[in-house]
Amino acid sequence: MSPRALLAEVLLRILHPVLLLASLWILLRGHNEPGGGFVGGLLAVAASAAMALTLTTAEARQRLPLPPPRLTALGVLIALLSGLPGVFAGQPFLTHLWVTVPLAVTELPLSTVMLFDLGVYLAVWGAVGGYCLSLLATVEEQQ
Amino acid sequence: MLVLTPLLVPLATALLCLLVPPGWQQRVSLAGALLLLLCALALASQVVGNGPLTVVAGGWPLPFGIEFAADRLSAALVLIAALMLNVVLLWQVGGSADAAPAAATLQPLLHGLVAGAGAAFVTADLFNLYVWFELTLICALGLLALGGGLRQLDATLKYFVLNVVGTLLLLAAVALLYAATGQLNFRALGAATAQLPASIALPLLTLLSLAFLIKAAAFPFFAWLPASYHSLPAPVLALFSALLAKIGIYALIRCLSDVFHPAPDLLFNVLGWIAVLSMISGALGAAYHWDLRRILAFHSISQIGYILLAIALASPAGDAAAILFMLHHSLVKAALILTAALIFHACGHYDLRRIGGLYAGRPWLSLVFLLLALSLVGIPPSSGFWSKFLVVRQSLVQGEYLWAAAALGVGAVTLYSMLKIWLEAFWKPHPDESWQAPARHRLLPAHAALGGLVVLILSFGLLPESLIAYVMAAADSLRGRS
Amino acid sequence: MIWAVALALATVIAAGTYLALSRDLLRCLIGLALVGNGINLLVFSSGRLLSQMPPFVAAGAQQLAVAANPVPQALVLTAIVISFIFLCFSLVLAVRLLQLAGSADTAQLRAAEPAAVDAVKPALEEAA
């Protein structure tokens with residue numbers, strides 16, 4: 001967006017990865033505390049939208065891992081797939097399973113719920129982010 | 001797991017269609033539709049063989065878990081949805097005869113629509129039903145807006161506003177029901193609402209029915225249907241008219257039989273008159289219009305009136321008639337819309353004032369139209385005859401002579417508008433004397449799709465016994481009314 | 001408390017209905033969004049506003065102690081997301097319609113259903 005705001009631009013190049021990391025932290029924190037895929041996804045959207053506002057929507061779009069529709073589809077697909085391990089274990093669809101992987105010093109708790117949350121995260125990022133970027137793009141066109 | 005396939009298979013197909021490279025989209029889409037049809041057949045045979053199937057998502061204990069259940073009614077509607085999806089996708093393969101423009105989102109939206117409908121047919125949880133209504137609505141809106149022209153967007157706006165009012169009423173009804181009973185599961189609600197005093201139960205049931213009647217395009221809430229349907233490409237229109245209003249009717253049947261039983265007589269009485277007015281206004285609207293798609297859209301309203309009338313009879317035989325009518329109408333109306341698309345392909349127009357001469361130019365198409373039109377009117381021995389026969393007979397048995405008379409009278413008006421199409425499109429010479437039927441270019445998939453549908457409808461009309469036995473058993477398994 | 005929520009709910013839904021009946025396109029769509037939010041509030045309050053404790057199982061505990069009913073909260077989250085999707089869709093639809101039609105008056109929007117010129121027959125549409 002014009003006019004250029006140099007300070008914001010420089011700052012955002014540093015902040016963008018920090019915001020994405022923070023969104024991942026919120027995603028993982030949602031395991032036992034407030035947070036989760038939806039909120040984390042919204043923070044990631046905020047990172048993309050801030051990018052689009054200070055730089056250009058094209059730049060923000062480039063920094064998405066996939067084009068928005070495919071990112072959304074991938075997210076929902078991951079969320080759906082997270083219900084399948086339960087079925088193979090003889091439980092109803094979407095029954096979630098937990099395992100703890102022992103590592104040398106510590107242990108890594110894993111669950112299909114986390115996979116589900118990751119799917120929600122990607123879907124929210126793709127859908128809401130894509131929506132924001134395309135709306136901002138129409139504003140850019142008019143200027 | 002089989003119970004969940006009407007949701008999971010089309011949803012996964014829709015997502016895969018978005019993820020695979022564009023060249024693969026059609027193959028994935030067709031494979032997904034075929035898989036859905038196989039699953040629907042397996043589901044129907046399981047339900048007939050072993051009785052209703054249920055599964056609770058996530059293994060949560062009832063009544064907290066979201067339950068999915070398939071009985072004969074659900075299985076039949078899922079099968080129709082799967083069948084229509086296959087017909088529509090096959091039609092779309094040729095890319096001819098008013099096919100939808102090839103957009104990257106077309107196939108995912110079609111599968112998403114069927115996923116929403118299929119899930120609505122198998123869910124046993126009221127809030128979950130609301131969610132699937134919304135998924136269907138979102139996909140329908142996407143399909144309506146697909147062309148992006150002013151005409152499409154105008155139709156989308158009208159569809160959006162009126163349907164959103166419907167879903168908001170549904171959400172309000174769900175919230176109030178939860179506040180009154182603390183339940184959302186159909187079975188738990190059925191037990192809980194029986195304890196409610198009538199002064200609370202009747203307003204709640206009215207609100208819920210109102211929401212479903214808007215979705216079903218009943219009188220006087222039908223304005224969204226003729227305002228939007230004619231802006232759709234033919235295959236999408238066929239899928240819409242086979243599925244969308246049916247979801248509302250299905251939800252109404254469920255809510256009057258499972259959620260509230262016994263529902264008060266007053267409601268059925270009012271529903272009967274709403275049905276009569278839907279029949280009359282739909283038939284009159286069709287008689288007024290000259291655009292083929294609008295005539296067929298208004299006929300849908302009139303046919304929905306027949307289905308509602310059968311539901312209003314509030315008896316197992318009435319329910320059976322309603323279910324049979326739903327199956328018949330989904331098939332015949334979709335086939336007629338596809339026939340209209342072939343007429344459009346031959347003449348380049350949907351308006352009866354601009355076309356003609358098709359009896360000489362397309363004799364086979366004339367025969368197909370005649371068969372379908374007679375079925376819609378209800379001339380024996382067609383699928384429409386058996387459906388209307390059951391409705392009218394049951395009205396007479398229950399002493400509702402006025403309703404039966406209205407049903408028969410509306411049949412005559414239906415005959416008038418079908419005759420109008422026949423005389424204008426087929427019998428009269430084409431208004432442009434230099435007109436010649438164009439070559440049948442890339443029409444093979446369209447012919448195959450329509451041909452299959454017509455064979456199915458004919459066998460439905462000639463051998464109705466097993467189907468009537470099926471719907472009788474389906475109506476008996478709806479609880480609480482006998 | 002429940003009376004204050006009921007009053008807020010009635011006000012929001014009444015305001016939304018008033019706006020939704022407007023002939024102005026944007027007012028109509030924003031009105032619908034307001035009604036939607038009012039009904040979300042209804043969903044939220046359907047579990048009764050008893051406790052203000054969030055429904056989190058405390059560390060070490062096996063089940064929920066005194067806390068709000070989590071079911072309506074789960075329902076309202078879903079409903080909020082859905083009404084948000086509809087709001088997004090309707091705004092894009094409104095922007096496109098305003099660009100194409102050049103008017104915000106819904107009575108002027110007759111593209112899909114042209115007014116009849118003949119006394120007994122509907123308008124003849126051009127081939128789509």
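Side chains are part of it too, since the values below use all heavy atoms of this structure and drop only hydrogens, waters and symmetry mates. Each chain gets a letter, A, B and so on, in the order its sequence line appears, and its residues count up from 1.
- Y178(B) pairs with exactly one of L42(C), V43(C), V71(C) by the side chain to side chain contact (heavy atoms under 4.5 Å, CB included) rule, that one being V71(C).
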With side chain to side chain contact (heavy atoms under 4.5 Å, CB included) as the test, would you mind laying out the steps for L75(C) and Y130(B) before giving the verdict? CA-CA 11 Å; L75(C) 300 187; Y130(B) 160 77; over 6 Å; no
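- Annotation: maximal heavy-atom pairing with chain C below 4.5 Å, among L157(B), L137(B), I138(B), occurs at L157(B).
- Side-chain atoms of H230(B) do not come within 3.5 Å of backbone N or O of E113(C) as any donor-acceptor pair.
- Taking 4.5 Å as the limit, every side-chain heavy atom of V165(B) sits out of range of all side-chain heavy atoms of V35(C).
- The heavy-atom pair separating L150(B) from A111(C) by the smallest distance is CG-CB, 3.7 Å.
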K121(C)/R353(B) under side chain to side chain contact (heavy atoms under 4.5 Å, CB included): CA gap, chis, key distance, verdict: CA-CA 10 Å; K121(C) 286 183 186 174; R353(B) 288 164 285 187; 3.7 Å; yes
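- When every heavy atom of D154(B) is checked against every heavy atom of R110(C), the shortest pair comes out as OD2-C, 3.6 Å.
- In this structure, the side chains of V120(C) and Y288(B) stay at 4.5 Å or more apart for every pair of heavy atoms.
- Note: T156(B) leads V164(B), V174(B), T156(B) in heavy-atom pairs under 4.5 Å with chain C.
- Put simply, the residue from T106(C), L25(C), L32(C) that forms a side chain to side chain contact (heavy atoms under 4.5 Å, CB included) with V161(B) is L32(C).
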One pair to check against side chain to side chain contact (heavy atoms under 4.5 Å, CB included): L109(C) and L153(B). What are the steps and the verdict? CA-CA 10 Å; L109(C) 278 177; L153(B) 293 185; over 6 Å; no
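- The contact between F86(C) and chain B is made by backbone and side chain atoms together, counting heavy-atom distances below 4.5 Å.
- For A116(C), the part lying near chain B is the side chain, with the backbone staying farther off; criterion is any non-hydrogen pair under 4.5 Å.
- Ranked by heavy-atom pairs under 4.5 Å with chain B, the list A79(C), S90(C), S45(C), S83(C) is led by S90(C).
- With a 4.5 Å cut-off on non-hydrogen atoms, A33(C) does not touch chain B at all.
- Residue contact with chain C, scored on non-hydrogen atoms closer than 4.5 Å, involves the side chain of L184(B) exclusively.
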